[in-house]
Amino acid sequence: MDLTNTIMLSDTPRGIRAAAGLLRQGGTVAFPTETVYGLGADATNDAAVARIYAAKGRPSFNPLIVHVRDLAQAEALTEMPAAARALGAAFWPGPLTLVLPRRPSSDLSELATAGLPTVAIRVPAHDLAQRLLAEFGGPVAAPSANRSGRISPTRAEHVMEGLAGRVSAVFDAGPCAVGVESTIIAFDRDTPVLLRPGGLPVEAVEAALGRGVDTSAARHITAPGQLASHYAPRALMRLDASGPEADEIWLGFGPVATLRPGLNLSPKGDLIEAAANLFAHLRAADALAAETGARRIAVAPVPRTGLGLAINDRLERAAAPRPGEFAPLL
Ligand code: TXA
Ligand code: MG
């Protein structure tokens with residue numbers, strides 16, 4: 001498998017066939033989903049899944065999300081409690097991942113699930129992703145298509161910046177509409193538990209189930225030591241800021257003048273627009289910081305409702321102390 005020569009694929013029947021062929025040979029293909037670009041490989045092939053970890057430079061074997069065409073394919077691979085089936089019926093295809101017991105008969109790679117008895121599974125809504133899954137036929141393991149610990153990609157250029165020469169192919173397709181990763185829900189017996197806030201508001205999950213979701217696992221970043229830094233730009237980050245200091249790039253939210261130098265996640269204060277812009281604006285702010293010699297990115301407060309929960313979660317991880325960095329003693 002030659003990975004040094006990354007092929008760009010276009011959104012055409014020919015491009016889709018070529019991608020499915022590469023997946024069958026054990027290759028890695030970056031493709032757009034409605035949330036972020038994923039780096040896909042055949043979820044039943046250990047060597048192919050190992051290539052995902054190698055390309056990302058993931059230090060440990062975190063379990064990956066397995067992408068399937070539809071609810072029926074998810075049911076063939078997992079045991080779905082009634083609540084899970086209801087959520088799948090309501091929100092798939094869409095930005096929802098369910099963590100479910102894998103069927104012993106499923107031939108999923110142990111590496112894709114990191115040896116766990118459960119599997120995280122989702123049906124992406126993006127049209128190209130759907131056509132690729134249909135052409136390939138089998139389940140596709142795909143984490144976000146970025147180097148480990150860096151900002152998730154919402155455009156093909158972002159994928160190429162991190163993974164050119166490390167993966168078989170990248171689809172040259174448009175920006176991702178949702179912009180933050182899927183919402184991950186697990187089940188404790190029948191109780192839904194939020195593992196990661198994401199592109200589907202937890203309020204929508206609660207409304208569909210007619211009951212509350214346990215958000216305690218995802219809500220608090222308890223101790224800084226437990227917090228793996230993630231989505232990290234090169235510049236430092238300061239959150240809930242009322243304005244930029246002298247050596248900061250401003251990342252605003254809402255109808256205030258965009259302070260210079262800076263950007264605004266959504267001038268009209270729309271959380272859906274802010275989520276779609278989040279990762280591209282973090283990258284742009286980081287580039288602006290490098291250009292101007294600014295030390296830090298100061299971010300305006302973003303409400304914690306709807307997609308704001310996922311936006312704040314990603315911002316907090318981006319602001320977390322990075323490996324090798326000293327935590328200030330206040
Ligand atoms: O929107 C998304 O979900 C994107 C697109 C490409 O689909 N994918 C994505 O994958 O964000 P990734 O690998 O970056 O995030 C997967 C998350 C990890 O936090 C992992 O720990 C969790 O899902 N996960 C996977 N399998 C799990 C399992 N069996 N139990 C608990 N958590 C699991
Ligand atoms: Mg990721």
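Position 1 is the first residue of the sequence; numbering continues from there.
Note on R102 versus E79: no salt bridge recorded, every NZ/NE/NH1/NH2 to OD/OE distance being 4.0 Å or above.
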| message | Evaluate T44 against D107 for side chain to side chain donor-acceptor pair (under 3.5 Å), listing each step before the verdict. | response | CA-CA 6 Å; T44 65; D107 55 356; 4.9 Å; no

| task | Go through the steps for R304 and E316 under the test salt bridge (Lys or Arg N to Asp or Glu O under 4.0 Å), then give the verdict. | result | CA-CA 12 Å; R304 286 173 157 74; E316 282 159 20; 2.7 Å; yes

| message | With side chain to side chain donor-acceptor pair (under 3.5 Å) as the criterion, how do R17 and T12 come out once you've worked through the C-alpha distance, each side chain's angles and the decisive distance to 0.1 Å? | response | CA-CA 9 Å; R17 278 197 303 275; T12 58; over 6 Å; no

| Audit row: R295, E248, salt bridge (Lys or Arg N to Asp or Glu O under 4.0 Å) steps and yes/no | CA-CA 6 Å; R295 210 167 61 84; E248 291 179 333; over 6 Å; no

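Counting heavy atoms from C-beta outward, L39 and L163 have side chains that approach closer than 4.5 Å. Counting heavy atoms from C-beta outward, T97 and I185 have side chains that stay 4.5 Å or more apart.
Pairs engaging residues 262-285 under the ring pair (Phe, Tyr, Trp, His ring centres under 6.0 Å) rule: Y231-F279 [sequence neighbours left out]. Residue pairs meeting the salt bridge (Lys or Arg N to Asp or Glu O under 4.0 Å) criterion with at least one partner in residues 111-134, sequence neighbours excluded, are D11-R131, E34-R122, D127-R131.
Judged purely by atom type and a 3.5 angstrom limit, D286 has no side-chain atom pairing as donor or acceptor with the backbone of P233. With hydrogens and angles ignored, the 3.5 Å screen pairs no side-chain donor or acceptor of R238 with any backbone N or O of I297. Between the D188 side chain and the T191 main chain, no donor and acceptor come within less than 3.5 Å of each other. Checked by atom type and distance alone, the side chain of Q130 pairs as donor or acceptor with a backbone atom of P124 at under 3.5 Å. Side chain of D172 to main chain of L9: no donor-acceptor pair is present (N/O by atom type, distance under 3.5 Å, no hydrogens or angles). Under a 3.5 Å cut-off, the side chain of Y37 and the backbone N or O of C176 do not form any donor-acceptor pair. Although no hydrogens or angles enter the test, the distance criterion places no donor-acceptor pair under 3.5 Å between the side chain of K268 and the main chain of P255. Formation of a donor-acceptor pair under 3.5 Å by the R51 side chain with backbone atoms of G26 is found in this model. Formation of a donor-acceptor pair under 3.5 Å by the T78 side chain with backbone atoms of M80 is not found in this model. Distance alone, capped at 3.5 Å, is enough to place a donor-acceptor pair between the T183 side chain and the L200 backbone.
Around atom CG of L239, more than 12 heavy atoms belonging to other residues, nucleotides or ligands sit under 6.0 Å away. Annotation for R24: atom CZ counts as buried by contact number, over 12 foreign heavy atoms lying within 6.0 Å.
Here the straight-line distance linking atom CG of L282 with atom CZ of R150 works out to 11.5 Å at 0.5 Å rounding. The CZ atom of R69 lies 13.5 Å from the CH2 atom of W92; values are rounded to the nearest 0.5 Å. The distance from the CG atom of L71 to the CG atom of L87 is 10.5 Å, given to the nearest 0.5 Å.
For the 3.5 Å distance criterion, the side chains of R314 and S152 fail to qualify, holding no donor opposite an acceptor.
Of the options V302, L271, V202, a side chain to side chain contact (heavy atoms under 4.5 Å, CB included) to L309 is made by V202 and by none of the others.
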